[in-house]
Every structure is written in structure tokens, then in C-alpha cells.
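The structure appears right after this line, and notes come after that.
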Amino acid sequence: MALQTPQHSDRNLALELVRVTEAAAIAAAQWIGRGNKNAADGAAVEAMRHAFDSVSISGTVVIGEGEMDEAPMLYIGEKVGQGGPEMDIAVDPLEGTEIVAKGAANGMAVIALADKGRFLHAPDIYMQKIAVGPGLPQGVVDLDASAGENLRNLARAKQVDVSDLVVCILDRERHDELVAHCREAGARIMLISAGDVAGCIATSRPEGGVDMYLGAGGAPEGVIAAAALRCVGGQMQCRLLFDDDGQIERARGMGIHDPHRKYGIHEIAGGDVMFAATGVTSGPLLRGVMREGNGAATHSVVMRSKSGTVRFVEAHHDFTIKHWSRA
């Protein structure tokens, strides 16, 4: 079923998604810098779950934070919404739990929405990823090419030197060799402690300061990032990384039959896709939640693949009129 129905316009649905991410961001913001990532995540989850009750969809969480027995997370298979068209939902109520706990940059509440069956049902394992922004020739980068080859091809497409390129990589020991190869090729590196959804999206915006995202991170985050990049014409390739046969069998139960398959962006997030995010802590894309007396200000973005529209929404919330979850 397509996103547009006579009873419910895409514009209304986009605004409803932003309200959901706003609620999660405001709830999580009460825990900024307090060193308790689980409390921040729990607050965001409960606020997001409650906010979904007013969204006019029949949604199923296909990318979530865990399984049903791990509630109160928004678990895989959970039904949300008050009724309407059937949609698949990818959520991360708090992208960057450690970021928020430490008061660092780029914490966000994020949602992606697609027609039923159009998201890759990725298990909660690692995923190898490469992503670039819009306006580039198709296939300019390839997951199976070396870091140096990808950087040279990207520099040629952007008509710059490799030394002008910035590659965003998660700061993990597993990436030490990758970082070394990128530096040997002449590129600059932006190491991030967490938040690879934000890292991927940064390739799509000039203010992001990132030309390519590279490395292994969470598969659920990869699906959400692919949804965002679909909306703006970016490119992304991924491959699931399995630790053992048990993970492979679990993936087969989710419909993934080739464990070595390389996925293109339309295979990860296909059809008509919407993406919404609200900043919890400030970063290049979004400002964080700011307290305003008896209320707060939020900064959000909402995108849709069908139109390619990117809208930024600034909202001011009055807690004396509307109750929000607060610590």
C-alpha cells in the first residue's frame, strides 16, 4: 500500500513522525551528561512508544532495539499506531546513547518508515558499510573496492584531490587498518565515538563536512541510514557480518538466505521511504534540545524519497499545556 491515501496526506504523516521523534528527544534530553545511557534510552523508548499511539498507521517495527522478551524496548515485531495503512518501521529512539550520557555531539531520535516489506529485515549484528552523498555518478564507490580506489574514484567525481576528502569512521580498534589505508591514500579522517547514522547522513549535507562514510557498525543503524540517504539521492552499499552459524541461521529465519550478499541502497530501504529525526545534542545536521523556562525548543528534519524534499522543523513546546515525559 502506498504512503498516500485519500484519508491521510503525506504532509500530515510527516508531521506526525516529527512529533514522535520530538517526544523521544525531549525525554532523552533530561539525561544529557548524567552518565546513565540506559536511563536516557529508556526514557526515549517510552516517550516514542506513547507518541506512536496518535499516528494514523498500522505499523510494525522491523528494525528495533531487541526482541519481544527484552521490552521495554521497541522490539522487532511490535505493533504501533492507531490504525491506517500498513507500514514497516525502523526506529532508534536514541541514536548515540553514550553520546547523550556524556553530553557529546550528534545524539538524535530517529524513525524511518516504508511500505510493508520494503526494509531489509537485518538482525542486530554488524554490517559493513560505505556511503556517499547525492549528485555523484552511480557506482562511484564500491564496497568490494579498496579504500584507496574508492577515494581516488570519489575525488575524480568531485573534481578535487584525495587530500580534500574527509572519511568518517567509527573510532574502533577493528578499523585501525582501514584508517591507515585511508591516510596512506591521502585522505583526512573524522573519527567518531558513536552515532554512525549521523555519520552516514553527514555525507549528504555540505555542513556535515564528510565526503564518505566507511566501516563496520550496527546493521539496524545501517538500514535507518540507508532510508535517510534514499530520500536525498545518496548512495550506500552494505554487507552483513556474521560471527557464527547461529547468527546465519537467525538471519535465514528473517528472510536473508545469502550471508555474503552485497546490498545496494534500494535493497536495504526500497519503495517510498520517509525519515524523521530530532536532535537531542547538537551536531552538524541538527541542534539539540534547548530548555526554555517551562518548555523546550527542538530542531528536526523530515525527508521523503518520492519527492526528495528535506524539511527542517523548529518547534517550541510549552510543558504547562502539554505533558512530556520528564526525569
Side-chain angles (χ1 to χ4, degrees), residues 20-51 61 63-67 70-76 90-112 124-127 129 168-175 190-202 208-210 213 215-225 228 276-292 295-301 317 319 324-327:
V20 173
T21 57
E22 286 173 347
I26 289 172
Q30 308 302 316
W31 294 94
I32 293 173
R34 293 169 64 177
N36 192 334
K37 67 177 185 179
N38 291 332
D41 192 37
V45 167
E46 287 308 306
M48 182 171 280
R49 176 178 280 130
H50 179 70
V61 176
I63 298 294
E65 292 199 302
E67 304 298 331
E70 296 174 353
M73 296 176 178
L74 277 157
Y75 56 82
I76 296 170
V91 299
D92 195 341
L94 185 54
E95 154 73 355
T97 54
E98 291 187 9
I99 285 173
V100 172
K102 294 177 180 178
N106 261 345
M108 301 188 301
V110 298
I111 297 174
D124 191 6
I125 60 174
Y126 282 124
M127 173 187 274
K129 311 168 189 177
C168 182
I169 301 175
L170 275 173
D171 189 5
R172 300 289 188 272
E173 186 176 346
R174 64 178 179 268
H175 290 146
M190 177 189 292
L191 291 173
I192 57 174
S193 62
D196 57 344
V197 172
C200 289
I201 296 174
V210 172
Y213 181 89
E221 290 86 352
V223 175
I224 294 171
T278 299
V280 180
T281 58
S282 295
L285 180 68
L286 296 169
R287 299 189 301 275
V289 176
M290 299 292 294
R291 291 301 301 271
E292 295 181 334
T298 56
H299 189 217
S300 306
V301 62
H317 310 272
F319 295 155
W324 295 87
S325 297
R326 302 175 69 180

Q. Taking it one step at a time, do E95 and I224 satisfy side-chain contact (heavy atoms from CB on, under 4.5 Å)?
A. CA-CA 10 Å; E95 154 73 355; I224 294 171; over 6 Å; no
Q. How far does NE2 of H317 sit from CD1 of I26, to the nearest 0.5 angstrom?
A. 4.0 Å
Q.
As an exercise, state the distance from CG of L94 to CH2 of W31, rounded to the nearest 0.5 Å.
A. 12.5 Å
Q) Side-chain contact, heavy-atom cut-off 4.5 Å: N106 with P284? A) yes
Q) Roughly how far, to the nearest 0.5 Å, is NE2 of H175 from CZ of R172? A) 8.5 Å
Q: Identify the two heavy atoms, one from C200 and one from Y213, that lie closest to each other, and give their separation to 0.1 Å.
A: SG-CD2, 3.5 Å
(Q) So K129 and E221, do their side chains get closer than 4.5 Å, heavy atoms only? (A) yes
Q | Distance-minimising heavy-atom pair for A23 and A51 | A | CB-CB, 4.0 Å
(Q) Is the positively charged end of R291 above the ring of F319, judged by distance under 6.0 angstrom from the centroid and angle within 45° of the axis? (A) no
(Q) Give me the atom names and distance for the closest heavy-atom approach of P220 to I125. (A) CD-O, 4.2 Å
Q.
For I32 and V280: C-alpha separation, side-chain torsions, deciding distance, then whether side-chain contact (heavy atoms from CB on, under 4.5 Å) applies.
A. CA-CA 8 Å; I32 293 173; V280 180; 4.1 Å; yes
Q. A104: what forms a side chain to side chain contact (heavy atoms under 4.5 Å, CB included) with it, not counting sequence neighbours?
A. I99
Q: Mind listing the closest non-hydrogen atom pair of T278 and S300 along with its distance?
A: OG1-OG, 2.6 Å
Q) Are side-chain heavy atoms of M108 and V197 found at a separation under 4.5 Å? A) yes
Q. Looking at M48 and A24, what are the two nearest heavy atoms and their distance?
A. CE-CB, 3.9 Å
(Q) Suppose we screen for side chain to side chain contact (heavy atoms under 4.5 Å, CB included). Which residues come up paired with R287, at least two apart in sequence or across chains? (A) S282, H299, E314
Q: Report the C-alpha separation of L286 and V301 in whole Å, then their side-chain angles, then the decisive distance to 0.1 Å, and conclude whether the side-chain contact (heavy atoms from CB on, under 4.5 Å) test is met.
A: CA-CA 8 Å; L286 296 169; V301 62; 4.0 Å; yes
Q) Taking the side chain as C-beta and beyond, is there a heavy-atom pair between I192 and I169 under 4.5 Å? A) no
Q. Hey, what do you get for CD1 (I63) to CG (L74), rounding to the nearest 0.5 Å?
A. 13.0 Å
Q | Nearest atoms (heavy-atom pairs only) where G279 meets A25 | A | O-CB, 3.8 Å
Q) Within a strict 4.5 Å, meaning less than it, do heavy atoms of the D171 and S193 side chains meet? A) no
(Q) To the closest 0.5 Å, what do you measure between CG (L170) and CG (D196)? (A) 5.0 Å
Q.
Please identify which of these residues, N36, T97, V100, meets the side-chain contact (heavy atoms from CB on, under 4.5 Å) condition with D41.
A. T97
Q: To the nearest 0.5 angstrom, please state how far the CG atom of D92 sits from the OG1 atom of T21.
A: 12.0 Å
